[in-house]
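Report on one structure; see the data block that follows.
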Amino acid sequence: MVATTTSTGEGWSSRTAFILAAVGAAVGLGNIWRFPTLAGESGGGAFVFFYIACVFLLGLPLVLSEIFIGRVGQTDAVGSIRKVAAQSQSSPGWAVFGAIGAIAAFLIVSFYSVVAGWVLYYAGVMGGDLVDAIMAGEPFRGALAGEDQAQIQQRLGDMFASPGLLLAMHLAFMGVTLFIVARGVSSGIEKAATYLMPMFFVLLVGLVIYGAIEGDIAETAAFLFTPDWSKLTPQVMNSALGQALFSLSLGVAGLITYGSYIKEGSGLGSTSALIAVADTAVALLAGFMIFPIVFAVGLDPAAGPTLVFQTLPFAFQTMPAGALFGFLFFVLILVAAVTSSISLLEVPTAWGIGERGWSRHKSALIFGGGAFLIGIACLLGYNVWSDVRPLGFWSLFAETDILDTVDGFTGKVMLPVGALLTSIFIGWKADTNLLRTTTGLSPIAFGIWRFLIAWLCPIAVAIILVTGLFPSILGA
Ligand code: PHE
């Protein structure tokens, strides 16, 4: 029997609410900051096509698997996996990947909040005197007006050098995340998603149109869609696979947790497809928002992680109405980041409620507070603790600062392990009838899903895991 209530009685008020929240979870810094950064660094087209293949052949089957587990389990990730295992005569030990996911989500939200804090600072800088300009009836020129490229680059360095500033931004962002999660599923998470996601799409479309008018869209299309297959090295494939998992929020039990709040109905297949399509469309649109502007000003698309914080602010400030659109750009990232960070914090919070019997407030406070503290270590890694290498004994992380270590360890180890165990569990252990009736897939779709989740996903994800951990295999 499929239970119809969650252990806490919480749930989405409609299918639309679930879709908005799940798309909100998927669409985040991964789409707007990391995807264009990686596409730029990896030379464009070939990366983009390989990434899209990863999303639909590996990501989509995993999205459906996680939502299925939550839908059946109706409680936190650990409890949900246990329930599916019990109904499939499998070992309750499989619940371990729910615990790995919850720990990964907890670690990711700690540095995610720090990076979102940088975005918050830039939104503040770029929008700083907007209200003053409006009140005075003057054109809005923005705080960066007249600064040259070196001065704008210097701003990022100055921000990193200031622990107090980074801390204040991190505190503000984590505070908002914690506040929303503490309010609960329907009055917190769902409400935030139903206000913020429409706002996000309006901003996105507005900025893409701006880029199309003011920027170089032809060069962008050529860059993103002309594959030079010689650039598709094993390292590039590896990072495309990892990015697909991260962007779809896979391997951290996020979609198990959100899926557990679905109260009725099936159609899980089409919902999953919608999430994957929306997430990928946003990543591509982010490319069509950023690169036209980068190319218009003749800047380098391969700037790396500073693309968004150094290249773009400079590009914007040379363009018509650039101050306003630059400000809106950072607001857009911030909105995307909030709807993702709440999904991250929700995973351990639900675990505390479901497995420990804590109240929602207590659980959110413990994990939000803990992540805040880890985030402080991450941000100090940019200044007073810049010499600290937490996993320095491990050659893979020998040169990696605190934030990048937490990012790298979760992304290269924990997410692939979570995804690998999920695919083996669903592909080989879960009861076939339970899968069929819960997902409501047509026989053909069901057959394709079973094939991908049982064979392609475990093999491909195992390859990411191993090549990610031992890059020397790839000759790097
Ligand atoms: N998918 C989010 C992004 O692209 C990050 C995320 C990962 C959110 C895992 C939730 C869970 O930014």
Side-chain angles (χ1 to χ4, degrees), residues 20-39 51 54-55 59-60 62-63 66-67 70 77 97-98 100-119 173-174 177 180-181 189 192-193 196-197 200 204 239-259 272 275-287 305 308 332-351 367-368 371 406-419 422:
L20 284 175
V23 171
V27 170
L29 297 173
N31 303 63
I32 302 169
W33 175 52
R34 254 175 101 182
F35 176 79
T37 300
L38 289 174
Y51 173 80
C54 291
V55 166
L60 177 53
L62 283 162
V63 169
E66 286 205 12
I67 296 178
F97 73 80
I100 295 174
I103 297 168
F106 169 70
L107 291 173
I108 292 175
V109 75
S110 71
F111 75 80
Y112 205 85
S113 169
V114 172
V115 177
W118 308 342
V119 177
F173 188 85
M174 190 63 93
T177 302
I180 296 171
V181 170
I189 298 173
L196 294 176
M197 290 315 287
F200 171 81
L204 182 67
S239 70
L241 282 161
Q243 170 65 8
L245 292 183
F246 183 83
S247 189
L248 292 169
S249 307
L250 290 167
V252 302
L255 288 168
I256 300 181
T257 308
Y258 271 21
S272 305
I275 295 169
V277 168
D279 187 64
T280 308
V282 171
L284 291 173
L285 284 173
V308 159
L332 165 105
I333 310 185
L334 212 47
V335 169
V338 171
T339 53
S340 294
S341 66
I342 56 183
S343 75
L344 286 163
L345 182 56
E346 178 62 16
V347 180
T349 301
W351 178 86
F367 291 111
V406 183
D407 184 5
F409 185 75
T410 50
K412 290 185 168 168
V413 183
M414 300 186 80
L415 298 196
V417 168
T422 309

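Computed from a predicted model, the values in this text were never measured in an experiment. We count ligands from 1, going down the list as the structure has it; atoms in each ligand are counted the same way.
For atom 4 (O) of ligand 1, the closest heavy atom belonging to the protein is A26 O, 3.0 Å. Nearest protein heavy-atom contact of atom 8 (C) of ligand 1 is S249 OG, 3.3 Å.
Not a single N or O atom of S343, backbone or side chain, sits closer than 3.5 Å to an N or O atom of ligand 1. Looking at V27 next to ligand 1, no N or O pair under 3.5 Å apart turns up. Backbone and side-chain nitrogen or oxygen atoms of L344 are examined, and none is located within less than 3.5 angstrom of a nitrogen or oxygen of ligand 1. Note: an N/O pair closer than 3.5 Å links F246 and ligand 1 by distance alone.
The closest side-chain heavy-atom distance from F200 to V282 is below 4.5 Å.
Of all heavy-atom pairs spanning D279 and S247, the tightest one is OD2-OG, 2.7 Å.
Interface of N31 with ligand 1, defined as ligand atoms under 4.0 Å from a residue heavy atom, comprises 4 (O). Interface of S247 with ligand 1, defined as ligand atoms under 4.0 Å from a residue heavy atom, comprises 1 (N), 4 (O).
Distances from ligand 1 to the non-hydrogen atoms of A25 include at least one value under 4.0 Å. Using a non-hydrogen distance threshold of 4.0 Å, W33 does not register as a contact of ligand 1. Residue contact annotation: I108 has no non-hydrogen atom under 4.0 Å from ligand 1.
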